[in-house]
Amino acid sequence: MKNEDDEKKANKKAKQQSKNKKKKEMMKSKKQQEQKQQELVAHENISNEEDNFAEELQWCIQQIELGLKTRKPSPDQVIKSQKLMQQLMSTKTPKAKKRMLMKLNFGNYREKIAAQIKMQVSPGCLVSADEILMKKSVFIKKKSNNMPVLSTSIKSEEVFYFNFPQPSIETDLNLQNLLIH
């Protein structure tokens with residue numbers, strides 16, 4: 001009987017140990033799957049951040065180029081702008097330094113980019129708005145009788161003179177003195 005009881009206990013322990021092993025393996029596989037998902041999410045976030053950074057960097061470079069083309073910068077400003085563009089375009093410049101340079105020169109550039117995107121209007125919206133306006137708009141032409149009649153013929157006897165003030169003798173003398181000297 002003792003042997004039978006011992007065997008039953010041993011079987012129970014073995015079954016319990018195998019169940020525990022299976023649970024541990026399941027937990028390990030779940031943890032591994034969660035880690036893989038977290039890595040994928042982190043990788044997607046990194047790629048999104050890199051894409052955003054690339055867009056932000058491109059916007060800043062475009063703003064520098066626009067400033068050089070549209071404004072009349074001094075030679076010193078031209079040199080500083082070119083140096084800034086070189087630093088931003090360089091592959092050797094660390095990302096942190098590029099972000100710092102962008103923030104120093106453009107302030108809160110992310111808000112500016114967002115505002116610029118909001119101001120841009122898509123072509124589809126313009127077409128639908130034009131159609132609506134065309135249906136509602138009405139043009140009414142009225143003749144005005146208050147307008148003076150313009151003569152189309154010029155009389156040869158009429159002479160046109162500009163109404164400039166006649167120069168005084170003092171201004172004539174001053175002009176002559178200026179011309180002599």
Side-chain angles (χ1 to χ4, degrees), residues 1-140:
M1 287 216 175
K2 281 188 175 183
N3 287 338
E4 288 178 17
D5 288 335
D6 288 339
E7 283 182 30
K8 286 181 183 178
K9 287 181 183 179
N11 285 337
K12 282 185 182 180
K13 279 186 180 181
K15 286 181 183 179
Q16 190 66 30
Q17 286 176 350
S18 66
K19 285 182 183 179
N20 287 342
K21 282 183 184 180
K22 288 180 183 179
K23 284 183 182 179
K24 285 181 182 179
E25 289 175 5
M26 296 266 293
M27 293 295 284
K28 281 184 182 179
S29 65
K30 283 184 181 180
K31 284 183 182 180
Q32 288 175 350
Q33 288 176 353
E34 288 176 1
Q35 286 177 349
K36 287 180 182 179
Q37 288 177 349
Q38 288 175 352
E39 288 174 3
L40 288 173
V41 169
H43 182 43
E44 288 175 6
N45 289 340
I46 290 171
S47 65
N48 287 340
E49 287 178 13
E50 288 176 2
D51 291 343
N52 288 343
F53 176 73
E55 290 174 6
E56 293 165 356
L57 183 65
Q58 190 63 33
W59 181 86
C60 290
I61 291 171
Q62 286 176 347
Q63 293 301 311
I64 295 169
E65 290 173 348
L66 279 173
L68 288 173
K69 289 178 184 176
T70 58
R71 298 184 186 130
K72 295 181 181 177
S74 67
D76 187 43
Q77 289 174 331
V78 171
I79 293 169
K80 287 181 181 178
S81 296
Q82 288 174 342
K83 183 178 179 183
L84 178 62
M85 267 194 349
Q86 286 175 351
Q87 287 178 331
L88 291 176
M89 285 197 240
S90 174
T91 56
K92 293 181 181 179
T93 307
K95 188 188 263 188
K97 185 173 181 178
K98 288 181 182 182
R99 286 196 186 275
M100 181 194 70
L101 289 170
M102 290 167 22
K103 183 155 183 130
L104 284 174
N105 289 290
F106 297 102
N108 196 344
Y109 57 90
R110 290 179 180 153
E111 284 182 7
K112 292 178 182 178
I113 293 170
Q116 186 178 14
I117 290 171
K118 285 180 183 178
M119 291 184 69
Q120 292 176 346
V121 180
S122 66
C125 293
L126 289 176
V127 172
S128 63
D130 288 341
E131 291 173 3
I132 293 169
L133 289 174
M134 292 297 287
K135 290 178 183 177
K136 291 183 179 180
S137 62
V138 177
F139 179 74
I140 301 172

A.B. asks: Does any part of the side chain of Met100, heavy atoms only, come nearer than 4.5 Å to the side chain of Lys97, both counted from C-beta?
C.D. replies: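 Of all side-chain heavy-atom pairs linking Met100 with Lys97, at least one is under 4.5 Å.
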A.B. asks: Does Leu88 reach the side chain of Thr93, with side-chain heavy atoms less than 4.5 Å apart?
C.D. replies: no
A.B. asks: Which atom names give the shortest non-hydrogen contact between Gly67 and Pro73, and what distance separates them?
C.D. replies: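 Closest heavy-atom pair between Gly67 and Pro73: O-CD, 4.4 Å.
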A.B. asks: Do Lys112 and Phe106 meet the cation-pi criteria used here (NZ or CZ under 6.0 Å from the six-membered ring centre, within 45° of the axis)?
C.D. replies: no
A.B. asks: Starting at CD of Gln82, measure out to CG of Leu68 and round the result to the nearest 0.5 Å.
C.D. replies: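 Rounded to the nearest 0.5 Å, the CD-CG separation comes to 6.5 Å.
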A.B. asks: Is the backbone of Lys15 close enough, under 3.5 Å, to the side chain of Ser18 for a donor and an acceptor to pair up by distance?
C.D. replies: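 Yes.
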A.B. asks: Between Gln87 (side chain) and Leu84 (backbone), is there a donor-acceptor pair under 3.5 Å?
C.D. replies: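 No, Gln87 side chain to Leu84 backbone: no donor-acceptor pair under 3.5 Å.
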A.B. asks: Is it the case that the side chain of Lys98 and the backbone of Ser90 share a donor-acceptor pair, with hydrogens and angles ignored and the cut-off at 3.5 Å?
C.D. replies: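 Yes, because the side chain of Lys98 sits within donor-acceptor range (under 3.5 Å) of the backbone of Ser90.
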A.B. asks: Hey, does Asn105 have a side-chain heavy atom less than 4.5 Å from the side chain of Cys60?
C.D. replies: no
A.B. asks: Measure the spacing between CD of Gln17 and NZ of Lys24 and express it to the nearest 0.5 Å.
C.D. replies: 9.5 Å
A.B. asks: Roughly how far apart are Ser81 OG and Ile61 CD1, rounded to 0.5 Å?
C.D. replies: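 Atom-to-atom, Ser81:OG and Ile61:CD1 are 12.5 Å apart.
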A.B. asks: Is there any side chain to side chain donor-acceptor pair (under 3.5 Å) pair reaching into residues 54-66, and which pairs are they, with sequence neighbours excluded?
C.D. replies: Glu56-Arg99, Glu56-Arg110, Trp59-Gln116
A.B. asks: Can you tell me how far NZ of Lys69 sits from CD1 of Ile64, rounded to the nearest 0.5 angstrom?
C.D. replies: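 With rounding to 0.5 Å, CD1 (Ile64) is 12.5 Å from NZ (Lys69).
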